[in-house]
Amino acid sequence: MAKIVLEDVTKVYKGGVKAVDKFSMEIDEGEFIVFVGPSGCGKSTTLRMIAGLEEITEGNLYINGVYSNELEPKDRDLAMVFQNYALYPYLNVYDNIAFGLRLRHFSKEEIDQKVHQVAEIFGLQDLLKRKPKALSGGQRQRVALARAVVREAKAYLLDEPLSNLDAKLRTQMRVEIIKLFERLKTTFIYVTHDQVEAMTMGTRIVVMKDGLIQQIDTPVHLYDHPTNLFVASFIGTPQMNFFKGKIEHLTKKSKITLENGNQIDILKSKLARTDIEDVILGIRSEDIAISEKGMEARVRMIETLGSETLIYLSFDQDNSIINNNDFIVKVQGRVDYRVNDVVKVNFNENKLHLFDSITEESIIKL
């Protein structure tokens, strides 16, 4: 297993383009770390610097305490799985899996034993003689994973390995990778733009934007306590609802007045700051209840998803305008509402998120 430490690691390309800026974290042995963020945020570049496929412009990388900035990729003892599988098209499955072992001069008997062991893990026993072109996308990805696992590396680096698969296969392979992690009990670093993958797979998640770390946390804490507006909006499906407003601080409570005039109270003791006036209120769709009393809202659209329903609502009476007063409520089961119906909603005060409208940082106490 590998403990990987990054100290202010930075990557600057020609022309001064800064892809990663002062990335610092400690990845402990046996952790499943997920780098997540939108395209261009620097997550894959960070992974490639760890692997040795990209030079580090500034900062330090240590693998098991060894300074590794200048180490060749082959000397880092890390295995990598790529988005496009990176299989050799002229080799069959057996030889693709065995390729790295042959480079390391394993005996023919050892190679055969290891290939068949890993083929059994990934259900590839009947495919060993096939070429990659005769495999489905899910089968190719299993071969790519098998080729990485057969090496018994210190850590496994996975760069968006499921992005080329359809939704059903992604779910299946996600489960397989989690099982693989539990079986190997070693360090995994996984890159994805899919926040569902991040939430379901990682022991810790690194949220990135514009080359900068936004937050490093466990999935549950990240969901419940986002440190800024970007993290709050990126993590969670459907996206958190946001409303612009002004806050007034009373003796024990603070009163938030939304743009449409609705008012919501929050305990003053929950706030880390009371020196700002303009705020952005955030609340997740499952933390809004439809009841007999509350704020009036008009139904815009209804999405029935089987076991749950998403109700799109607006505080505005003009149902033709989409603006900052639109929001989504998630309810279990199905509903009898129709478009243009007027309902009443209540926000769970214990689940409110508040952000400084200028800095976009959370002002809720942890």
Side-chain angles (χ1 to χ4, degrees), residues 37-38 195 207 209-210 212 214-215 222-291 293-303 310-331 339-366:
Q195 55 94 17
V207 183
K209 178 189 177 188
D210 298 332
L212 294 167
Q214 301 297 306
Q215 187 171 351
L222 197 69
Y223 187 85
D224 291 339
H225 305 285
T227 59
N228 59 41
L229 192 67
F230 173 78
V231 176
S233 64
F234 192 82
I235 298 296
T237 303
Q239 179 180 291
M240 184 184 289
N241 300 297
F242 297 105
F243 306 87
K244 292 181 179 179
K246 292 185 179 294
I247 190 167
E248 177 187 1
H249 303 291
L250 307 176
T251 305
K252 291 186 177 181
K253 287 192 173 185
S254 296
K255 190 178 295 292
I256 305 156
T257 303
L258 306 183
E259 286 184 319
N260 68 323
N262 284 328
Q263 293 186 327
I264 299 166
D265 291 338
I266 185 172
L267 286 175
K268 191 175 178 180
S269 59
K270 291 188 174 184
L271 302 180
R273 291 180 57 189
T274 57
D275 60 336
I276 58 175
E277 181 181 1
D278 294 318
V279 295
I280 297 173
L281 182 147
I283 187 164
R284 298 204 181 274
S285 57
E286 64 269 24
D287 297 323
I288 304 175
I290 297 178
S291 59
K293 296 181 180 180
M295 301 174 286
E296 286 192 352
R298 186 178 295 274
V299 177
R300 283 189 176 276
M301 185 174 71
I302 297 172
E303 288 184 344
L310 300 182
I311 307 172
Y312 292 73
L313 299 170
S314 176
F315 282 135
D316 291 306
Q317 295 304 307
D318 186 349
N319 210 33
S320 64
I321 301 172
I322 298 177
N323 55 39
N324 291 328
N325 290 320
D326 293 346
F327 58 101
I328 301 173
V329 175
K330 182 194 292 184
V331 299
V339 173
N340 283 329
D341 282 354
V342 175
V343 299
K344 293 183 178 180
V345 298
N346 286 295
F347 291 4
N348 185 340
E349 292 183 16
N350 295 319
K351 298 292 186 177
L352 295 179
H353 301 266
L354 279 179
F355 306 92
D356 183 331
S357 63
I358 297 174
T359 66
E360 298 187 350
E361 296 295 315
S362 174
I363 61 170
I364 298 290
K365 287 181 181 177
L366 293 179

Margin query: With a 3.5 Å distance limit and no angle check, can you tell me whether Lys209 reaches the backbone of Pro38 through a side-chain donor-acceptor pair?
Written below: no

Ignoring hydrogens and geometry, is there a side-chain-to-backbone donor-acceptor pair from Asn228 to Phe230 under 3.5 Å? yes

For [X] against [Y], the heavy-atom pair lying closest together:
X: Pro238; Y: Lys330; answer: CD-CE, 3.7 Å
X: Leu352; Y: Ile283; answer: CD2-CD1, 3.8 Å
X: Met295; Y: Asn262; answer: SD-CB, 3.5 Å
X: Arg284; Y: Asn241; answer: C-ND2, 4.1 Å
X: Thr227; Y: Gln215; answer: N-OE1, 2.9 Å
X: Phe243; Y: Asp326; answer: CE2-O, 4.5 Å

What is the distance from atom [atom1] of [X] to atom [atom2] of [Y], rounded to the nearest 0.5 Å?
X: Lys365; Y: Arg273; atom1: NZ; atom2: CZ; answer: 13.5 Å
X: Ile280; Y: Lys244; atom1: CD1; atom2: NZ; answer: 7.0 Å
X: Asp265; Y: Ile256; atom1: CG; atom2: CD1; answer: 8.0 Å
X: His353; Y: Lys270; atom1: NE2; atom2: NZ; answer: 10.5 Å
X: Ile264; Y: Leu281; atom1: CD1; atom2: CG; answer: 5.0 Å
X: Met240; Y: Ile235; atom1: CE; atom2: CD1; answer: 10.5 Å

**Request:** Go through the steps for Lys252 and Leu267 under the test side-chain contact (heavy atoms from CB on, under 4.5 Å), then give the verdict.
**Result:** CA-CA 6 Å; Lys252 291 186 177 181; Leu267 286 175; 5.5 Å; no

Using side-chain heavy atoms (C-beta onward) and a distance below 4.5 Å, is [X] in contact with [Y]?
X: Lys344; Y: Glu296; value: yes
X: Thr359; Y: Ile276; value: no
X: Leu271; Y: Ile364; value: yes
X: His249; Y: Ile247; value: yes

Step by step, would you call Thr257 with Glu248 a side-chain contact (heavy atoms from CB on, under 4.5 Å)? CA-CA 8 Å; Thr257 303; Glu248 177 187 1; 5.8 Å; no

| request: Answer yes or no: are there more than 12 heavy-atom neighbours, outside Lys293 itself, under 6.0 Å from its atom NZ? | output: no

How are the rings of Phe315 and Phe327 set to each other: parallel, tilted or perpendicular (split at 30° and 60°)? tilted

Side-chain donor-acceptor pair under 3.5 Å between Gln195 and Thr237, yes or no?
-> yes

Steps toward side-chain contact (heavy atoms from CB on, under 4.5 Å) verdict (Asp278, Ile358): CA-CA 8 Å; Asp278 294 318; Ile358 297 174; over 6 Å; no

For Leu313 and Val299: C-alpha separation, side-chain torsions, deciding distance, then whether side-chain contact (heavy atoms from CB on, under 4.5 Å) applies. CA-CA 5 Å; Leu313 299 170; Val299 177; 3.6 Å; yes

